[in-house]
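Data first, discussion second: the structure below is written as structure tokens.
Letters A, B, ... are given to chains in the order of the sequence lines, protein chains preceding strands, and every chain is numbered from 1. A quick note: this is a predicted structure, and the numbers were derived from the prediction, not measured.
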Number of protein chains: 2
Amino acid sequence: MGAVLQRDADRTRRALLDAAAAAIRAHGPGVSLDAVAREAGVSKGGLLHHFRTKDTLLVGMVEEWTARFDAAVQRHVDPDDDRPGRLCRAHIRAAFDDLGVDDQLWGHPSVLTALLAVPEVLHRARASEDRWRSDLGADGLHPQRSLLIARTLDGVWMSELLEGRVDHSERQQTRDLLLGLTEQTGPLLPGTTDARRDRS
Amino acid sequence: MGAVLQRDADRTRRALLDAAAAAIRAHGPGVSLDAVAREAGVSKGGLLHHFRTKDTLLVGMVEEWTARFDAAVQRHVDPDDDRPGRLCRAHIRAAFDDLGVDDQLWGHPSVLTALLAVPEVLHRARASEDRWRSDLGADGLHPQRSLLIARTLDGVWMSELLEGRVDHSERQQTRDLLLGLTEQTGPLLPGTTDARRDRS
DNA sequence: TTTAACCGACCGTCTGGACGGTATCTTGGA
DNA sequence: TCCAAGATACCGTCCAGACGGTCGGTTAAA
């Protein structure tokens, strides 16, 4: 038969995930399965075949999302860079260059809202966050730096999400600032020489 | 005027707002009005009397929340402090000392989720964010500092919300770090002397 | 008596998901 | 190569339950 199959489960599945994001943007976090199915050009029954419940669909969306982000970070790791903070830098670049809220289908408050409403999604998000926390912690930078950078990236993301618009100049400045902060390994503040401060 | 009224519209109204938060924590972002009313010890009709629609109730919740936060910041402004960054410091202290996710009725992912689902809530949040942005921008610190601090505060908040738990040691470190960053007014990175970088 | 606070039964609507069916693909035996 | 038969992808109707909000009524305050 032809290279283009009329039935391609994988393609349909991915189409449904994208359609879900689009439908949520259009109809808000409370989209109906009907709307998603319609957006994907599939019947409701077809949707339910791939995702047996609505929550399953939303969980599928986070999986897709985290997979994309992980891949983006890997893509941004500079092979010629072997200084401390290389993963941090890749993380920063991925966050700023690949996760633009502008054109991104997923970067929309409604999508976030819809996803966070599912407990299982929260679990996944937390697990992912834990992984990043430990990976970035072992990146060779002073804890003050990696901590500040990680939180700032979260903040930028959430801020852009809430604001709904992006100040490109500010965005660029923040990006450069964070990258600059990875270029030294010492503490950010004078007087605090090390993270180990237990005196008991 | 009797000290204790059997009918006290204000008290009921506030009880409903708290009950809404509690009910959302218990039943998820999609609570029914019935559940909220029950939690507040009021009939559904009573609830609808104070908040004519569900969205109105949620908008009421953000108003309450932002009012509390604004008041907290004002409370944390140190009258003896007239150095640059005093508002920033108050902001930091308010965020860390008055917005603990632990005991706070409102600091719960479900509550955030429920609120973000309402367009009007987003508008309010954005307006509030804009106010803070301009206030903090006029606080006398180098833009790199105020920008980083603001985004970090957002990130800490959202991170704790997602994580659901709080690492008190990390929290304390972040707090001290941010406060420390307000103690100098120069740029954070060497080489960047000023925010004005237009070269075109 | 008027008005505001509050009640609770009721209704129209919506939606998740079950289900029974159809079309297409795959497999393996001859 | 062909056929049978099971498996997989997809369809579209149907329904029970839930929920938001209306409304006529009731009780306390002014």
Side-chain angles (χ1 to χ4, degrees), chain A residues 1-20 22-61 110 113-115 117-121, chain B residues 1-61 110 113-121:
Chain A
M1 262 307 271
V4 174
L5 298 175
Q6 288 182 341
R7 296 209 168 170
D8 184 332
D10 265 3
R11 183 185 302 273
T12 306
R13 198 189 140 89
R14 254 171 291 152
L16 282 168
L17 289 175
D18 280 341
I24 289 175
R25 290 188 75 138
H27 299 92
V31 233
S32 67
L33 294 182
D34 272 311
V36 174
R38 214 176 309 127
E39 174 79 31
V42 173
S43 76
K44 190 175 172 181
L47 192 166
L48 268 313
H49 172 74
H50 286 278
F51 302 96
R52 296 177 40 190
T53 128
K54 193 179 191 180
D55 282 6
T56 311
L57 172 65
L58 297 172
V59 171
M61 291 178 70
S110 295
T113 305
L115 293 183
V118 182
E120 175 64 17
V121 168
Chain B
M1 51 179 180
V4 174
L5 297 175
Q6 286 184 340
R7 294 203 168 177
D8 184 332
D10 264 4
R11 183 185 301 273
T12 305
R13 199 190 140 87
R14 254 171 293 151
L16 282 168
L17 289 174
D18 280 341
I24 289 174
R25 290 188 76 137
H27 299 92
V31 234
S32 66
L33 294 182
D34 272 311
V36 174
R38 216 177 308 128
E39 174 80 32
V42 173
S43 76
K44 189 176 172 180
L47 192 166
L48 270 310
H49 173 73
H50 287 277
F51 302 96
R52 305 197 12 213
T53 137
K54 193 180 191 179
D55 282 5
T56 312
L57 173 65
L58 296 172
V59 170
M61 291 179 69
S110 295
T113 306
L115 293 183
L116 287 186
V118 182
E120 175 63 18
V121 168

Query raised in the report: Under 4.0 Å between a side-chain N/O of B:Thr12 and OP1 or OP2 of C:dC6, yes or no?
Result: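 Yes, within the criterion.
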**Asked** For D:dA9, does either OP1 or OP2 sit under 4.0 Å from a side-chain N or O belonging to A:His49?
**Response** yes
Exercise. So, do A:Ile24 and A:Met61 sit near enough that their side-chain heavy atoms are less than 4.5 Å apart?
Worked result: yes
So, do A:Asp18 and A:Arg14 sit near enough that their side-chain heavy atoms are less than 4.5 Å apart?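 A side-chain contact is absent here, since even the closest heavy-atom pair is not under 4.5 Å.
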Expressed in angstrom and rounded to an integer, what is the separation of [X] atom [atom1] from [N] atom [atom2]?
X       : N      : atom1 : atom2 : answer
B:Leu16 : C:dC6  : CG    : C1'   : 11 Å
B:Asp8  : C:dA4  : CG    : P     : 16 Å
B:Phe51 : C:dA4  : CZ    : C1'   : 16 Å
A:His50 : D:dA9  : NE2   : C1'   : 6 Å
B:His27 : D:dA18 : NE2   : C1'   : 14 Å

* Asked: Do B:His27 side-chain atoms and B:Ala23 backbone N/O form a donor-acceptor pair below 3.5 Å?
  -> yes
Under a 4.0 Å heavy-atom criterion, the protein footprint on nucleotides 13-19 of chain C, written with B, S and -, is --SBB--
What one should report as the nearest heavy-atom pair of B:Ala114 and B:Leu58 is O-CD1, 3.8 Å
Pairs meeting criterion salt bridge (charged side-chain N to carboxylate O under 4.0 Å, His left out) with involvement of residues 31-55 of chain A, two or more places apart
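Counting only pairs at least two positions apart or across chains, the salt bridge (charged side-chain N to carboxylate O under 4.0 Å, His left out) contacts touching residues 31-55 of chain A are A:Asp34-A:Lys44.
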Taking only residues two or more places apart in sequence, or in another chain, which ones meet [X] in a side chain to side chain contact (heavy atoms under 4.5 Å, CB included)?
X       : value
A:Ala37 : A:Leu47
A:His50 : A:Ala9, A:Thr12, A:Arg13, A:Leu16
A:Thr56 : A:Phe51, A:Thr53

Writing each nucleotide of DNA chain D 5' to 3' as (, ), [, ], | or . by Watson-Crick or G-U pairing under 3.5 Å yields ||||||||||||||||||||||||||||||
